[in-house]
S.K.: 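The structure follows.
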Amino acid sequence: MSDIRSRIIGTGSCLPKKVVSNKDLEAVVDTTDEWISSRTGISTRCIATSESAVDVASKAADEAIKASGLAPEDIDLVVTGTVTPDMAFPSTSSMVQSRLGLRSGIPALDVSAACSGFLYALDVADKYIRLEDAKNVLVIGVDLFSRVVDWTDRSTCVLFGDGAGAAVLKAESNGNGILSTHMHSDGRHGELLYAPMDIKEHPFSVKDEAKADDNGSKLREPSTLKMRGNEIFKIAVRSMNGAIMEALDSNGLKAEDITLLVPHQANTRIIKAMKDRLDLPDGKIFVNISKYGNTSAASIPIALDEAFREGRIKDGDIVIMVAFGGGLTWGSVAVRW
Ligand code: UT7
């Protein structure tokens with residue numbers, strides 16, 4: 001393999017305009033601002049009312065391309081992490097390609113890995129770049145979970161928000177860029193967090209419950225998100241810590257070498273548990289969950305964009321991104337910025 005690395009040269013993000021506070025949710029389900037704030041760290045989230053997934057993804061992507069200094073026609077691959085697309089097909093990536101006037105003929109694909117979607121998309125993009133199949137790649141994380149949560153289930157609907165984030169990667173050979181990617185899945189625990197598709201009946205559908213296997217009966221459940229939060233919590237802390245250690249070990253780094261840890265924003269208590277295990281000071285971990293809640297695949301690119309724009313990441317810094325989500329999936333990406 002050559003010495004080419006994927007360098008992040010531009011970031012962008014887009015949140016829907018409608019802001020919903022914990023107080024607003026008190027009118028929707030039997031909850032309190034106090035419970036949500038103390039158990040999750042969330043105060044507000046943005047909910048798409050008129051925006052589509054392609055709308056917010058395109059705005060985030062446009063901002064990232066502008067920040068990169070490249071022209072739209074320079075992009076030669078689009079990869080999007082999402083599990084709440086506007087369409088089963090065309091892919092979100094193809095629709096963003098069209099919306100932004102990117103070159104026709106370039107490959108464009110979506111990756112399904114729930115809250116780990118952006119890191120999986122970065123991993124795919126990085127491999128295209130290092131194999132010299134692409135030079136400039138647009139990577140997007142977008143999810144509108146307001147579409148899939150059960151708005152009568154207080155244990156889940158208060159947790160999620162909508163949004164999109166994006167990054168532009170460029171092939172460079174100066175030593176900076178993505179140092180490592182470590183992606184994982186354990187499908188045995190898929191039932192801890194899932195959202196069935198809204199599958200239509202057809203003339204040959206099997207209606208007899210006894211004939212359906214396990215998965216068959218899940219397919220007939222309402223197509224809303226189900227989560228066993230308590231069980232997920234413990235696995236999330238363990239898996240993300242493991243992925244951070246993989247990122248550090250594979251690059252000969254120690255926790256004190258991290259300039260900024262950008263974790264998936266699911267719960268401040270999960271983030272605090274990771275921080276404590278690594279013994280990181282507050283300034284070395286980025287937290288914005290209070291404003292946006294859990295935006296699934298969008299959470300890391302939104303956080304990355306904010307961290308960069310706030311001046312918390314500079315050339316040469318070591319940034320580690322770590323995610324966990326449905327699948328179960330998890331992973332880390334280490335970057336020398
Ligand atoms: O991003 C993908 C990965 N997802 C995650 O990583 C999520 C991980 N899990 C979590 O963040 C937490 O488990 C939750 C925030 C989902 C839940 O927090 P918890 O401290 O584990 O609460 P719990 O599920 O054990 O529920 C405690 C109590 C229950 O009442 P009882 O049985 O003790 O009387 C719930 O019914 O809190 C109740 N409860 C609520 N009360 C007010 C659950 N949701 C609410 C609510 N408002 N919204």
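In each ligand, atom 1 is the first atom listed, and ligand 1 is the first ligand listed.
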S.K.: Between D276 and R269, is there a salt bridge with N-O shorter than 4.0 Å?
M.R.: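 The answer is no: the pair does not qualify as a salt bridge.
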
S.K.: Under the ring-ring contact (aromatic ring centres under 6.0 Å, His included) test, which residues partner F145, sequence neighbours left out?
M.R.: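 In terms of ring-ring contact (aromatic ring centres under 6.0 Å, His included), with neighbours along the sequence ignored, F145 is linked to F160.
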
S.K.: By ring-ring contact (aromatic ring centres under 6.0 Å, His included), which residues pair with W337, not counting sequence neighbours?
M.R.: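 So W337 forms a ring-ring contact (aromatic ring centres under 6.0 Å, His included) with F308.
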
S.K.: Would you be so kind as to tabulate the donor-acceptor pairs closer than 3.5 Å made by side chains of residues 102-119, with sequence neighbours excluded?
M.R.:
residue	atom	partner	partner atom	Å
R103	NH1	E73	O	2.6
R103	NH1	I75	O	3.4
D110	OD1	T92	N	3.4
D110	OD1	S93	N	3.0
D110	OD1	S93	OG	3.0
D110	OD2	T92	N	2.7
D110	OD2	T92	OG1	3.1
S116	OG	T329	O	3.2
S116	OG	T329	OG1	2.9

S.K.: In terms of side-chain geometry, is the basic nitrogen of D133 or K127 positioned less than 4.0 Å from the acidic oxygen of its partner?
M.R.: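 Judged by the 4.0 Å cut-off on N to carboxylate O distance, D133 and K127 do not form a salt bridge.
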
S.K.: Using modelled atom types only, decide if a donor and an acceptor are shared between the side chain of K135 and the backbone of D76 within a distance under 3.5 Å.
M.R.: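 No, because the side chain of K135 does not come within donor-acceptor range (under 3.5 Å) of the backbone of D76.
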
S.K.: For ligand 1, find each of its N or O atoms that sits under 3.5 Å from a protein N or O atom, and tabulate the pairs with distances to one decimal place.
M.R.:
residue	atom	partner	partner atom	Å
ligand 1	1 (O)	H264	NE2	2.8
ligand 1	1 (O)	N294	ND2	2.7
ligand 1	9 (N)	G229	O	3.0
ligand 1	11 (O)	N267	ND2	2.7
ligand 1	13 (O)	G229	O	3.2
ligand 1	18 (O)	R269	NH2	3.3
ligand 1	20 (O)	R39	NH1	2.8
ligand 1	20 (O)	R269	NH2	2.9
ligand 1	21 (O)	N230	OD1	3.1
ligand 1	22 (O)	R39	NH1	3.4
ligand 1	25 (O)	N230	ND2	2.8
ligand 1	36 (O)	R154	NH2	3.0
ligand 1	37 (O)	W35	NE1	3.1
ligand 1	41 (N)	W35	NE1	3.4
ligand 1	47 (N)	T31	OG1	2.7
ligand 1	48 (N)	T31	OG1	3.1
ligand 1	48 (N)	R154	O	2.8

